[in-house]
Amino acid sequence: MKNSFLTIDDLQVKGKKVLVRVDINSPIDPVTKKITDDERLQLHTGTTIKELSEMGARVIVISHQGRPGDSDFISLAEHAEYMSRQLGKPVKFVDEIFSSHVKEEINKLKDGEVMLLENVRFYAEESIERPADALTKVHLVRSLASYVDCFVNDAFATIHRSQPSLVGFGELLPTAAGRVIELELKALNGVLQAGRKPAVFVLGGAKVDDSIKAIGKLLANGTADTILTGGLLANALLVAKGYDVGPKTMEVLKGKGLDKFLPLAKEVLKEYDSQIETPVDVAIMDATRKDIHVSELPNPYPIADIGRETVGRYCKILEQAKTVVLNSPLGIYENKEYAYGTMRVLNCVASLKAYKVVGGGHIDDVVNSLGLRDKFNHVSSGGRAILYYLSKEKLPVVQMLERAKDKWGGKAKQLADF
Ligand code: 3PG
């Protein structure tokens with residue numbers, strides 16, 4: 001399978017109004033609502049946005065932050081401040097997504113200036129998932145497309161979504177991939193091309209629905225040989241295996257849509273039981289950490305980490321791995337006592353000679369705090385996007401970029417070759 005896209009080198013951007021979709025969705029403190037980790041902001045600002053600005057483009061940036069209803073679903077005003085600091089020049093924040101006011105502000109931009117629009121998911125239309133041709137017709141896309149000259153998609157972490165601002169512009173505007181997409185796909189193609197076996201995937205985090213779908217695909221096409229699980233994902237799989245995880249953990253799982261993904265979890269476990277590991281013990285969040293065997297469940301307190309015995313088992317399995325993909329934390333890592341599983345497994349992986357990729361759920365925070373960054377072949381800005389890409393599914397943003405290359409021509413650079 002071959003993918004080739006236009007890159008920003010193929011667009012004549014000087015003096016042009018360039019709309020750039022990035023993914024600067026960042027971890028937010030639930031109480032202060034402040035950004036707690038600016039990794040994605042640094043990545044996008046320091047590459048595509050800076051380059052386009054230096055090329056003399058008039059840069060209009062759009063992104064989402066959080067999901068409607070979640071505590072991190074906030075305005076992008078503070079994101080603009082981070083971007084200004086990093087670029088060393090003002091990034092104007094406009095607290096709307098499209099309107100005659102936005103159009104006026106875009107028309108005032110001078111060459112090299114950068115502007116950030118409001119959280120694109122504040123507009124409900126953005127959250128619909130439909131095929132790209134339907135999304136070219138939505139109001140958000142039609143309006144924004146009429147204000148600008150070309151489009152750059154650099155939102156790697158959302159490459160698996162078919163939402164208006166991600167796939168709607170390719171038919172209407174000359175469209176290219178940004179540097180983050182370029183960099184990420186090159187690194188992930190390294191995993192696919194090398195094909196070193198066994199490939200062990202360590203999956204955690206809270207986006208259970210996406211993870212379960214990805215597990216099925218990764219095992220079905222042989223990209224992964226073994227999957228080790230932690231986080232809310234492991235708790236959901238324990239439920240699918242018939243364990244009663246206790247009222248607190250059940251409440252969280254129900255909030256994440258347990259009823260919808262439980263049948264698929266059962267199906268995946270039935271089909272690939274011998275390749276999917278779930279914890280044998282878990283850490284309970286009592287007054288202090290307490291490790292209990294899963295046979296001792298249910299417990300009135302929430303499960304907050306994988307247990308110590310599980311960590312030992314996982315590290316033993318990992319010793320054999322030639323490829324490791326570690327995706328999202330295995331417990332509530334923000335709390336020191338429950339960061340144990342994530343930190344120990346990260347340390348085990350870091351010491352291996354395998355090809356190692358880590359990303360998702362802001363695990364880069366832990367990687368940085370442990371000083372392990374240079375022990376990995378790639379620290380990705382993506383979460384579930386990594387899994388979907390490695391499962392070799394044709395992803396909506398990849399397909400849109402391929403179609404855009406055919407439609408808008410140019411000297412296409414070979415980005416992905418797998
Ligand atoms: C992520 O953090 O994984 C991306 O920003 C995608 O977010 P989403 O799952 O809410 O679309």
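Note that the structure is predicted; figures quoted are calculated from it, not measured. First listed ligand is number 1; within each ligand, the first listed atom is number 1. Scope of the values below: all heavy atoms of this structure, side chains included, with no hydrogens, waters or symmetry mates.
- For atom 5 (O) of ligand 1, the nearest non-hydrogen atom of the protein is D23 OD2, 2.7 Å.
- Not a single donor-acceptor pair under 3.5 Å links the side chain of T158 to the backbone N or O of R161.
- Judged by distance alone, the side chains of D281 and T310 do bring a donor and an acceptor atom under 3.5 Å apart.
- Looking at atom 9 (O) of ligand 1, its nearest protein heavy atom turns out to be R67 NH2, 2.7 Å.
- No side-chain donor from either of S162 and E129 sits under 3.5 Å from a side-chain acceptor of the other.
- For the ligand labelled ligand 1, residue H64 lies inside the 4.0 Å heavy-atom shell.
- Atoms of ligand 1 lying under 4.0 Å from at least one heavy atom of R121, given by number and element, are 8 (P), 10 (O), 11 (O).
- Close approach of ligand 1 to A157 (heavy-atom distance below 4.0 Å) involves ligand atoms 4 (C), 6 (C).
- Cation-pi geometry between R308 and Y340 is met: under 6.0 angstrom from the ring centre, within 45 degrees of the axis.
- Neither the backbone nor the side chain of R384 comes within 4.0 Å of ligand 1, counting heavy atoms alone.
- Looking only at atom types and distance, the side chain of H378 has a donor-acceptor partner in the side chain of E184 under 3.5 Å away.
- Remark: E104 does not engage K108 in a salt bridge, criterion side-chain N to carboxylate O under 4.0 Å.
- Ring centroid separation for the pair Y123 and F98 comes in under the 6.0 Å cut-off.
- In summary, the atoms of ligand 1 found under 4.0 Å from a heavy atom of N25, numbered by their order in the structure, are 1 (C), 2 (O), 4 (C), 5 (O), 7 (O).
- Nearest protein heavy-atom contact of atom 1 (C) of ligand 1 is K207 NZ, 3.3 Å.
- Neither the backbone nor the side chain of H160 has any atom closer than 4.0 Å to an atom of ligand 1 (non-hydrogen atoms only).
- For the residue pair N368 / E39, a side-chain donor-acceptor distance below 3.5 Å is found, with atom types taken as modelled.
- Of the protein's non-hydrogen atoms, the one nearest atom 11 (O) of ligand 1 is R161 NE, 2.5 Å.
- In R40, the part holding a heavy atom less than 4.0 Å from any atom of ligand 1 is the side chain.
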